[in-house]
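Presented below is the structure to which this report refers.
Protein chains get the first letters and strands the later ones, always in sequence-line order, with residue 1 at the start of each.
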Amino acid sequence: MMRRVRLLVLMARPAVLVLFALFAAIGQAQAGLGEQRGRLAVTLVAIAGFLLYSVAFNDLADEAIDRVNLPGRRPLATGLTWRRELAVVGCGSGALALAAAAALGWRPLATLASGLAVSTAYSVRPVRIADRGALASLTLPACYVAVPYLTAFFAVRPTVRSADLVVLAGLYVAFIGRILLKDFRDLRGDALFGKRTFLVRHGRGWTCAASAVWTTAGTALLLAAAHPGAALAAAYAAGWAATVALLRRLATETSPRRDEALISAIAILGRGMLLALLAQLSTTAAHWSAPATAAVIAAVTVITGGQAWTMLTAGPAVRPTPLPAERAVPT
Amino acid sequence: MTRPVRRRSGWQVAGLVLVVVLAVAGLVAIGLLILFVIALNNMGSNK
């Protein structure tokens with residue numbers, strides 16, 4: 001029992017779950033009806049189920065490659081679970097996700113069902129989008145951003161305006177810029193197994209340049225759609241400038257340790273920009289004054305900027321440790 | 001699955017203060033999210 005609980009916790013991947021929750025909260029806030037905690041909670045159940053489904057089938061498809069890229073950090077590759085159990089967890093999580101989305105209405109249900117279909121096509125053969133270079137870099141962010149954003153949005157408002165879609169496009173485009181960088185960690189195994197990621201095909205310099213272009217376009221879209229006050233505009237300008245500067249350093253870096261710190265710092269800045277947007281949307285919906293909104297955005301920006309600096313200078317404070325050599329099935 | 005190797009930083013303390021202020025002001029959900037993001041920012045996450 002405890003092993004299964006542990007398996008679920010490992011599969012939930014806290015970083016991804018928090019990111020999904022962030023996109024869901026932005027979706028609900030963009031709907032403009034204020035915090036609706038009950039609906040947000042059900043949305044989070046739905047997207048947690050979606051995440052577990054996606055992780056299960058991705059781990060099943062990537063078992064061999066994970067042994068090289070992530071030794072001791074994936075339950076299946078380590079032997080903490082076996083393929084049939086992982087498939088059962090995946091199917092059960094998918095069913096839970098659909099049930100929770102159905103409780104929110106047919107639009108969230110349709111959104112989530114589409115997300116499950118795309119997620120399956122991403123990992124599973126014969127489609128296996130994950131092996132298709134640029135298409136993979138475009139599809140994965142769609143799952144990460146659109147599914148939580150639209151599920152949460154449709155849970156509270158049935159109609160979409162063009163500005164809502166421009167915000168979604170901005171989030172999506174900016175996230176492509178970040179997801180391109182995840183392949184730095186996996187370079188060795190990806191090259192070994194013929195996984196044609198953007199980094200494998202085009203190299204470090206072009207990957208960083210492409211990331212900068214996507215980040216710039218996403219930031220511009222968000223600024224155009226969100227009608228920012230001076231505080232959000234300043235926060236985005238600072239976040240964008242720092243991100244581009246870090247990408248320039250990453251383009252010429254030679255140490256894997258420094259790669260990890262730089263990419264983690266870029267991710268922190270990206271999450272900070274998401275939090276700043278969420279702060280603007282939430283405080284506006286709650287009828288806060290402009291100075292109070294600006295103060296919250298400034299605080300979020302300074303804190304996440306400080307954490308990015310700490311990451312750059314000291315590296316991660318907590319680092320995943322390999323799973324113990326515990327086996328689910330006697331061998 | 002992780003091991004702490006550094007003391008809580010001033011940025012985390014400032015973040016906790018902001019979380020409390022937002023929660024008291026009624027924005028519980030955004031406060032909780034900021035809390036999780038601040039905790040996540042200590043990890044070497046590429047997302």
Would you tabulate the side-chain donor-acceptor contacts of residues 19-39 of chain B under 3.5 Å, counting partners in other chains and residues two or more places apart, or write 'none'?
none

Non-hydrogen atoms of chain B under 4.5 Å away: do they reach the side chain of [X], the backbone, both or neither?
| X | value |
| --- | --- |
| A/Val302 | both |
| A/Arg37 | side chain |
| A/Ala279 | both |
| A/Leu40 | side chain |

> Tell me the salt bridge (charged side-chain N to carboxylate O under 4.0 Å, His left out) pairs involving residues 11-28 of chain A, sequence neighbours left out?
Replying inline: A/Arg13-A/Asp59
> Where do A/Cys208 and A/Phe184 land on the side chain to side chain contact (heavy atoms under 4.5 Å, CB included) test, with the steps shown first?
Replying inline: CA-CA 10 Å; A/Cys208 290; A/Phe184 277 80; 4.1 Å; yes
>> For residues 18-26 of chain A, give me every residue with a non-hydrogen atom less than 4.5 Å from any non-hydrogen atom of chain B.
In response: A/Val18, A/Leu19, A/Ala21, A/Leu22, A/Ala25
>> Could you work out, with side-chain hydrogen bond (donor to acceptor under 3.5 Å, both in side chains) as the rule, every residue matching A/Ser54, not counting sequence neighbours?
In response: A/Ser119
> When you measure from the side chain of A/Gln307 to the backbone N and O of B/Trp11, does any donor-acceptor pair fall under 3.5 Å?
Replying inline: no
> Counting only N and O atoms by type, is there a donor-acceptor contact under 3.5 Å from the side chain of A/Gln280 to the main-chain atoms of A/Leu277?
Replying inline: no
> Who among A/Lys182, A/Arg271, A/Arg185 has the most heavy-atom pairs with chain B under 4.5 Å?
Replying inline: A/Arg271
> Out of A/Ile268, A/Ile263, A/Val296, which one racks up the most heavy-atom pairs below 4.5 Å with chain B?
Replying inline: A/Ile268
>> Rounded to the nearest 0.5 Å, what separates atom CE in A/Met311 from atom CE in B/Met43?
In response: 9.0 Å
